[in-house]
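Down below is the structure, laid out as structure tokens.
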Amino acid sequence: MSNIIKLEIYRYDPEKDAEPSMQAFEVPVTKAGMKLLDVLNYIKWHIDGTLTYRKSCGEGVCGSDGLNINGVNGLACITPIAGLKQPIKVRPLPSMNVIRDLVVDMEHFFDQYRSIKPWLQADSPLPEHERLQSPEERAELDGSYECIMCGCCTTSCPSWWWNGDRFLGPATLLQADRWLKDSRDEKIGERLDQLEDAFKLYRCHQIMNCMDCCPKELNPTKAIDHIKRTLLIRKS
Amino acid sequence: MSYLSNDQIEHHFHDVVIIGAGGGGLRCALQLADANHRVAVVSKVLPTRSHTVAAQGGMNAALGNVNSDHWHWHMYDTVKGSDYLGDQDAIEYMCRAAPRLVRELEHQGVPFSRLEDGTIYQRPFGGQSREFGEGGQASRTCAAADRTGHAILHTMYQQNLRTGTHFYDEFFALDLIMDKDGCQGVMAWDIAEGRYHLFQAKAVILATGGAGRVFQMTTNAHICTGDGGALVLDASLPVEDMEFFQFHPTGIADVGPLISEAVRGEGGYLLNAEGERFMERYAPTAKDLASRDVVSRAIALEVKAGRGCGPNKDHALLKVDHLGKDVIMERLPNIHELALRFADVDCTKEPIPVMPTAHYTMGGVPTNRFGEVVYAGEKGKGMAGEKEKVMPSLYAIGEAACTSVHGANRLGGNSLLEIIVFGRACGDQVIKHLEDKNYHAKLDPDCWKDGVERVERWLSDDSNESIRISKIRDEMQKVMQDHFSVYRTEEVMAEGVVLLEKTLESLSSGSIEDKNRIFNTELVEALELENLMALARVTASGALARSESRGAHARDDYPERDDEQWMKHTLASIKDGKVELDYKPVRTIPMSVESFPPKKRVY
């Protein structure tokens, strides 16, 4: 591998630019196993302090640095440079309002999450000890509770691009399914009533971009399918 | 428009302002919002990006789900783990509250892993024993696989969505509004909009987390910059015990990400270059599950003796493959993923390269067990037994605080516990405080000026002889790494203190390229660097002064603990630009049980 990493990065400064543009950068390889976040940090700390992006944990658990990398959504901090075609094209998450450079407005995304009431709902009196749940019942939550709300899946979904105002999108629906599957939750009926909607749920056409790009290797399409099947069973 | 609002500033009124949206801040917000108070959570990142999310192994509570357990044994382990610097009233409170609060978390929806009988899964962790060290290893750490922090943080966020807590996301706290009656609020900078906000409140709670980024190599997120401690120092108040910084034995070598103690709890162990399981020599009974300070020192000594692994002979190996792929994928899936991504190692087949890595800030803003910020008063008075004073309307919780339940060394699994226990306790204390505080105070009309000045200094500066802040930060982190690491000596530390003062000088001629107001992350990094610098200085001075070895503070030149001289908390403040040290006694009297007197720590 050459000692120089070439990138083209989406730049947009709302205070100065009328239009966004792509800017080329060249960054030296400083260590083995470099991730895209290391390269962005190198630019910010050594070349151009104005480059703007979000970062926090740097190890793929906080979900801050979801980006569109060579056309595929992923987290900068766990995307290795090796294996990326150069120049690496780095853009903000698609279809989102860009605040500046690679930073997008996540408000609508989190509003949709809130709309499904993503908390445990149960009316029965609290037991003295924990609510019991068998390891098998708990295993039902594997594949959904791990979601880090980075938005990679939702912003890769063409249906959400078109109908994002009403279609809940893969991340929120994955969480909706998590509460349907939690043996401790007692509001499955109400939750299903809320989801049974031509737009909120049924805009998913199984394009499966969500599953393809999920940095935690989760499968929102499968979860959406499970919600649809649960609704079908309830009807029949 | 409220009375202090102007073109630049918006003036808000809340009952309570909480700075920080990690597990501690959100648990506290929940307590207050459920009591119908108007709570604002001001956080520099979106709440789910807070560093609680990265906690892995679990949360200690003497539930006794695996084998019998008692909160009193948990208390003994915590006092011993703290190397007798922990305050025993706070420790008793925490350990007694633990079982109830873990179950409460379960009721709130945390997806804990389960045992066959349906109860919460608990695993063994370092420094845990039964029957006051006599009954063998305990299994006290409640876990959601190895993603417990993520599970708890998301649940706390969900609960706050339920209660309608007011979130001010991506707001940076600049300055505490202090007057003769205590803390009246905080000035903050809206990062996305580039505007100032004055949050006036009847109580202000600092829940800003740790300061791991003072070191070069750390398991901590980029955001862990000790913002609360720095705000308090700026208000001429002290921070406590900052010289006690935990080095986690198993950060991934040369990169930093944490490999949870859960790996050793589930049966993993450490090897040196000779393939020897060396912890058997350092801790014959607990072996790899000795306290973190003990294991980190053992690795450092093995490396020093030339038995380090790898081409640079600078790390140890953590073997886990003998557990089998099924156990690893069920209980340690996140570890498997991290090792693969950051060490290029499939831990179901090969050992993981690890080294001691800066991990946890035991010190912080001094508080009592109600979360109230305390200070000792005039120099010397604290030691003479003068009662410490409470700073009205100012509170601190979690890693930002020094309560002190961790003393000189924190036990794994006690930090998630601390944020939940004291998040809630502080909430209850603030509820009482609000009973007699019906109105917001009248503010000094100029109170917003210091906060504004802090930002404008960076945005207006256009000096030519500028030094990049990233360069200054690198220098500061390197000084801390080289001079205040696992083993410390007088000479090396004294040199470090001098070098730090030099980097401080260069900060005054530091500048940023980005002069924009909208989403200026370079500005945020500059403000964070100011905070880090203040904390690095007090950490260094406190460490240099403490001529003993205790917990995480290990000195080559003073290898023994000195209870006569040093069984006391350090209070460091910055007066007229200089670090001043003061001390206060350890609270050795618990709430209801007998005190655990100091004895030699053997694992």
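In what follows, chains are A, B, ... by sequence order, proteins preceding strands, each numbered from 1.
Residue A:K117: no heavy atom, backbone or side chain, is found under 4.5 Å from chain B. Contact of A:I116 with chain B is not made at all, since no heavy-atom distance falls under 4.5 Å. Only the side chain of A:E217 comes within contact range of chain B, with at least one heavy atom under 4.5 Å from a heavy atom of that chain. The contact between B:L115 and chain A is made entirely by backbone atoms, counting heavy-atom distances below 4.5 Å. With a 4.5 angstrom heavy-atom cutoff, A:P127 touches chain B via backbone and side-chain atoms both. With a 4.5 angstrom heavy-atom cutoff, A:P14 touches chain B only via side-chain atoms. Heavy atoms closer than 4.5 Å to chain A are found in the backbone of B:Q108, but not in its side chain. Proximity to chain A (any heavy atom under 4.5 Å) is shown, for B:I512, by neither the backbone nor the side chain. Looking at B:L258, the atoms closer than 4.5 Å to chain A (heavy atoms on both sides) all sit in the backbone: N, CA, C or O. Proximity to chain A (any heavy atom under 4.5 Å) is shown, for B:E193, by neither the backbone nor the side chain. For A:D142, no part lies near chain B; criterion is any non-hydrogen pair under 4.5 Å. Only the backbone of A:L51 comes within contact range of chain B, with at least one heavy atom under 4.5 Å from a heavy atom of that chain. Residue B:D169 does not touch chain A at all, counting heavy-atom pairs closer than 4.5 Å. Using a 4.5 Å cut-off between heavy atoms, B:L161 contacts chain A through both its backbone and its side chain. If you measure heavy-atom distances from A:R131 to chain B, the contacts under 4.5 Å come from both the backbone and the side chain. Within the 4.5 angstrom heavy-atom criterion, only side-chain atoms of A:E15, from C-beta onward, approach chain B. In this structure, the portion of A:Y113 lying under 4.5 Å from any heavy atom of chain B is its side chain and not its backbone. Heavy atoms of B:D344 lying under 4.5 Å from chain A are absent altogether. When heavy atoms are compared at a cutoff of 4.5 Å, A:D105 does not approach chain B at all. For a residue to count as touching a neighbouring chain, one of its non-hydrogen atoms must lie under 4.5 Å from one of that chain's; by this rule B:H150 touches chain A with the side chain only.
At a threshold of 4.0 Å, the pair A:K31-B:D254 does not count as salt-bridged, since none of the basic side-chain nitrogens sits closer than that to a carboxylate oxygen. Electrostatic pairing of B:E337 and B:R341 counts as a salt bridge here, judged by a charged N lying under 4.0 Å from a carboxylate O. The pair B:K44-B:E528 meets the salt-bridge criterion, since a charged nitrogen lies less than 4.0 angstrom from a carboxylate oxygen.
The candidate from B:C224, B:S470, B:A54 with the greatest count of non-hydrogen atom pairs under 4.5 Å with chain A is B:S470.
The environment of CG in A:N97 is sparse: at most 12 heavy-atom neighbours from other residues, nucleotides or ligands sit within 6.0 Å.
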